[in-house]
Amino acid sequence: MNRYNFKSIEKKWQKVWEENSSFKVDIDLKKKKFYCLEMFPYPSGKIHMGHVRNYTIGDVLSRYKKLKGFNVLHPMGWDSFGMPAENAAKLNNLDPKDWTEKNIATMKTQLKKLGLSIDWDREISTCSPEYYKHQQKFFLDLYDKGLVYRKENYVNWDPVDKTVLANEQVINGKGWRSGAIVERKKLNQWFFNITKFSDELLEGLEKLDEWPNKVKLMQKNWIGKSFGCELNFKIEGNNKFKEIKCFTTRPDTLFGMSFLAVSVDHPIAEIYNGDKEFEKFKSNCSKTGTTEESISQAEKLGFKTNLIALNPLNDEKVPVYFANFVLMDYGFGAVFGCPAHDQRDLDFANKYKLKIKPVVKPLNEKDDFKIDKIAYTGPGEIFNSDFLNGLVVPNESILKTIEILEKKNIGKKKINFRLKDWGVSRQRYWGCPIPIAYNSKNEILKVPQDKLPIKLPEKINLNVNGNPLDHQDEWKKIKIGNEECKLETDTLDTFVDSSWYFLRFCSANNKEEGFSLKDIEYWMPVDQYIGGVEHAILHLLYSRFFTKALDFKNDKFKISEPFKGLFTQGMVCHQTYKIDNTWYSPDEVSSENGKDFYLKNDSSKKVMVGASESMSKSKKNTIDPEIMFETYGADAVRFFILSDSPPEKDVQWSDTGMQSSYKFVQKFWDLHNEIRDKLFLEKSKLTKDNGIDEEINIFTNQIIQKITFNLENFHYNVIIANFHEIYNFLNTCKIEKKIKTLIFKENYLKILKVMQPVLPHMISECISTINEKIDTVWPEIDKRYLSKKSNTIVVQFNGKKRGLLECENDINEDNLIELVKKRDEFKKYLNDKEIVRKIYVKNKLINFIVK
RNA sequence: GCCCUCGUGGUGAAAUUGGUAGACACAAAGGACUUAAAAUCCUUGCCGCUUGCGGAGUGCCAGUUCGAGUCUGGCCGAGGGCACCA
């Protein structure tokens, strides 16, 4: 038997694809385009299983669409600016550029080994001046449009990475990369005015019907639009502060107000400058901080001021508190407290013995409706509220109240967003330089076009405090007009790099422009974007913003959303192994029975088997893709990574699963060779056999139908099951000696074609061993074979399945009933019984209701 | 606390619109072939009794329906997101 040698055959086909530029594409107006894009990798060193899964999914889709006749753009590049390069370089005295380029070379080789259908002529790397020079132009373009500004403000300062983090990059009060506790620091920073597009970004979500709802919802919550009312409260007790502004979404509960709460960062805090008690309270607040869990448990705390606020509706006087649950950066940093209808306010009121006056009662409640420990936030009607009484909550009450408040000049309608502007300044070397300079008066000047790009200096000393670029005095010098100026030394957040790379792929080799309109008009939007859900907010929201920012004040740019379809794949998990606090990798442990694990080099040491978790270097539960390619071949790895779970869910790596995928490849190859001998060799005599031909026609068309459906719907795990069905069917045919007809041969070719996207190397080889051309056509489905000549009909009595009946196709109800009555096994259900009702579902089921 | 998603055999999972629950695989047990192993193939997989059949069965409890994994309501559990966001 001729064993399948994946090593030579995979190499062979990868070479063929490379030499023929098989996946190189250009605009072809005669063809429909399909732009398939997977999130590009950060070149950290080697690819990991997450990449394998991500790129396999995209590759199967791309190859399928190509066979379907689409002009498929499937590019790859490198998100190559960023801190790991700088940190690694610092540590080992290297240049970030060298480190990055070496990693790219390694990972590119690895990706090629996976057999991806990439147009490598379009490869891009964001750290190359060829890429970032365009980004600098876009920065200036956005600056001209007023979408970029500089302001001094408090920033999230990561003391380990010595850089500024965006709000989104602060997770639980810690830097997303370093894990260090983030500090507050005042700095001059560059901002993108993403909030200008708050509404558009929100509304755009509704049109993205090929995005997972989960992601859309996360973005919606992140943008956090709320509708309410801005209110002015008169303040007594201090000459300087006569008024405090509040934002509320529940103006209709204003009659229930019993205190006013402001943030400790509110301007009125000035009154308490130097007050020891207040300082103590303030530092207490910052201890509970703005960070999650700890805070959610934290008690509601207040600091009573000497100020009095007047309820604008009835001049009722209420106390003013500083409160730890009010944040300065949302609304106006002040809220009115209505304990009856807000749980936080209620907890606060109970603690400080403040009045609790209900003003909303559920319908059908009496006027003595009382609030105890739980605030009432449900629907109902307004009461205890003078001229607001009787309004229906919430539909009528909020709008009507705002109307009334506006008429009385007390407040006005207001829409508030949670979204904040995107701070893009980073005090790092390894990023895109910001094309801005400052003259001696510290005025902001754009770097003129003829001085672009501002290239990063190379081979500089990175082991300095703060931003290495600050120390590059020569590099900083730039002459603008007649003025000696200094370059901005901040570089751009790397999320800027990835906010437009999908446009660059359309014109990857255009030296003059970042993209050409002609190219993006044809290729954009990305038809299918595939990546991890961890980018649901950051990257995906920034990319949407950047696209809208380019579109802003630009009639020629006609794209408003970059990604038409989005698919978020799950993670690759593996069990973890641990002794005490030391992690061990899967190849350091072994097990005889699959339950108890011991160290390989010391079998007396029992290993604790932990939960299956997402593969990570720190837990050492990783499997190296390259070792898998070498052991089992790329096709088998592709097959396995798709097989076990639906792609949107996490998948558990399993050695036995991997081995069985390998076995599938081997046994299919063997079977193929037998089929080739029987059907495709010159000496083989093909016959005609109506029974066999019918059977193979039905099977082939049905399986192609299933595979096509599953491809279109990302049910890739089911496709693998379909492949097993194919093997099982063909193998049964072999055993039953049915592989001998001309029709069989035709069908077998079709079957090979639909298997090609998943197993491109082996199937290409299979097709070439039977001297057939690998054409670019996905087989048509012959619908005649989708409906069978006969059907298995379920026979039910009173809704219970009592048997099956094989009937001719489209049998009419009366004939079917006759058939059922004839059968012995059904007689016991019909004897002495009256048929009350019959439900017949054509070709599927008949249900008798009997008495 | 709020919002979202998901609960199907020993395991990973299938089941386009309500219409044969458990496809396909992994693991296990038994068997066939073989001197043996590998490979391959077959059978079994909840409960009850004799082959055969009957019963229960998709987290739990109700409901709608001739018929519910699928629809509705309530509960329990797991995962994810957001957060004192007014």
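Heavy atoms only: backbone and side chains are in, while hydrogens, waters and symmetry mates are out. We name chains A, B, ... by the order of the sequence lines, and we start the count at 1 in each one.
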Please measure how far the [atom1] atom in [N] lies from the corresponding atom in [M], and state the result in whole Å.
{"N": "G81(B)", "M": "C26(B)", "atom1": "C1'", "value": "33 Å"}
{"N": "C2(B)", "M": "G57(B)", "atom1": "P", "value": "34 Å"}
{"N": "A15(B)", "M": "A25(B)", "atom1": "C1'", "value": "16 Å"}
{"N": "U20(B)", "M": "A14(B)", "atom1": "C1'", "value": "14 Å"}
{"N": "A21(B)", "M": "G9(B)", "atom1": "C1'", "value": "11 Å"}
{"N": "U43(B)", "M": "G22(B)", "atom1": "P", "value": "15 Å"}
{"N": "A13(B)", "M": "C24(B)", "atom1": "C1'", "value": "8 Å"}
{"N": "A86(B)", "M": "U5(B)", "atom1": "C1'", "value": "28 Å"}

Separation of [X] atom [atom1] from [N] atom [atom2], in whole Å?
{"X": "R837(A)", "N": "U65(B)", "atom1": "CZ", "atom2": "P", "answer": "10 Å"}
{"X": "E674(A)", "N": "U40(B)", "atom1": "CD", "atom2": "C1'", "answer": "11 Å"}
{"X": "F714(A)", "N": "A14(B)", "atom1": "CZ", "atom2": "C1'", "answer": "19 Å"}
{"X": "I244(A)", "N": "A86(B)", "atom1": "CD1", "atom2": "P", "answer": "20 Å"}
{"X": "K801(A)", "N": "A68(B)", "atom1": "NZ", "atom2": "C1'", "answer": "16 Å"}
{"X": "Q796(A)", "N": "A68(B)", "atom1": "CD", "atom2": "C1'", "answer": "12 Å"}
{"X": "N798(A)", "N": "G55(B)", "atom1": "CG", "atom2": "C1'", "answer": "16 Å"}
{"X": "N722(A)", "N": "U16(B)", "atom1": "CG", "atom2": "C1'", "answer": "13 Å"}

Check RNA chain B for consecutive Watson-Crick or G-U pairs with both distances under 3.5 Å and list the runs of at least three as stems.
B:1-7 with B:76-82, B:10-12 with B:24-26, B:28-32 with B:40-44, B:46-49 with B:52-55, B:59-63 with B:71-75
Donor-acceptor pair, [X] side chain versus [Y] backbone, under 3.5 Å?
{"X": "N701(A)", "Y": "Y785(A)", "answer": "no"}
{"X": "S385(A)", "Y": "L388(A)", "answer": "no"}
{"X": "D342(A)", "Y": "R344(A)", "answer": "yes"}
{"X": "D265(A)", "Y": "M328(A)", "answer": "no"}

Please tell me which of the listed nucleotides, [options], lies nearest to the side chain of [X]?
{"X": "L217(A)", "options": "C4(B), C66(B), U20(B)", "result": "C4(B)"}
{"X": "V718(A)", "options": "A23(B), C66(B), A21(B)", "result": "A23(B)"}
{"X": "R802(A)", "options": "G55(B), U16(B), A86(B)", "result": "G55(B)"}
{"X": "I537(A)", "options": "A13(B), C82(B), A86(B)", "result": "C82(B)"}
{"X": "N324(A)", "options": "A15(B), G54(B), C84(B)", "result": "C84(B)"}

Heavy atoms only, 4.0 Å cut-off, all strands: where does [X] land among base, sugar-phosphate and nothing?
{"X": "N717(A)", "value": "sugar-phosphate"}
{"X": "E648(A)", "value": "nothing"}
{"X": "L845(A)", "value": "base"}
{"X": "K649(A)", "value": "sugar-phosphate"}
{"X": "Y662(A)", "value": "nothing"}
{"X": "V651(A)", "value": "nothing"}

Can you find an N or O donor on one side and an acceptor on the other, under 3.5 Å apart, linking the side chain of K844(A) with the base of U17(B)?
yes
With distance as the sole criterion, do the side chain of N847(A) and the base of C66(B) form a donor-acceptor contact below 3.5 Å?
yes
Just to confirm, is there a sub-4.0 Å distance from OP1 or OP2 of [N] to any side-chain nitrogen or oxygen of [X]?
{"X": "S645(A)", "N": "A13(B)", "result": "yes"}
{"X": "Y829(A)", "N": "G54(B)", "result": "yes"}
{"X": "R344(A)", "N": "C2(B)", "result": "no"}
{"X": "H715(A)", "N": "A13(B)", "result": "no"}
{"X": "R418(A)", "N": "C85(B)", "result": "no"}
{"X": "K800(A)", "N": "A68(B)", "result": "no"}
{"X": "N731(A)", "N": "C41(B)", "result": "yes"}

Spacing of CD1 belonging to I641(A) relative to OG1 belonging to T56(A), to within rounding of 0.5 Å
7.0 Å
Is a side-chain donor-acceptor pair under 3.5 Å present for [Y] with [X]?
{"X": "D421(A)", "Y": "T195(A)", "answer": "yes"}
{"X": "N728(A)", "Y": "E725(A)", "answer": "no"}
{"X": "N717(A)", "Y": "D644(A)", "answer": "no"}
{"X": "D252(A)", "Y": "S397(A)", "answer": "yes"}

Minimum heavy-atom distance between M49(A) and M628(A), given as atom pair plus value:
CE-CG, 3.7 Å
Nearest non-hydrogen partners of T631(A) and Y662(A), listed with the distance:
O-CE1, 4.3 Å
Taking for S643(A) and for I735(A) the nucleotide of RNA chain B with the nearest heavy atom, the one nearer the 5' end belongs to S643(A)
The answer to which of F336(A) and L804(A) contacts RNA chain B further toward the 5' end, by nearest nucleotide, is L804(A)
Kindly label the base of G9(B) as syn or anti, based on whether its glycosidic torsion lies within 90° of 0.
syn
Can you check nucleotides 25-30 of chain B for protein contacts, nitrogen or oxygen pairs under 3.5 Å, and list what you find?
unit_1: A25(B); atom_1: OP1; unit_2: N728(A); atom_2: ND2; d: 3.2
unit_1: C26(B); atom_1: O2'; unit_2: T656(A); atom_2: OG1; d: 3.1

Compute both the distance and the angle, then confirm whether K667(A) meets the cation-pi test with Y727(A): under 6.0 Å from the six-membered ring centre, within 45 degrees of the axis.
yes
With a 4.0 Å cut-off on N to O distance, would you call K225(A) and D199(A) a salt bridge?
yes
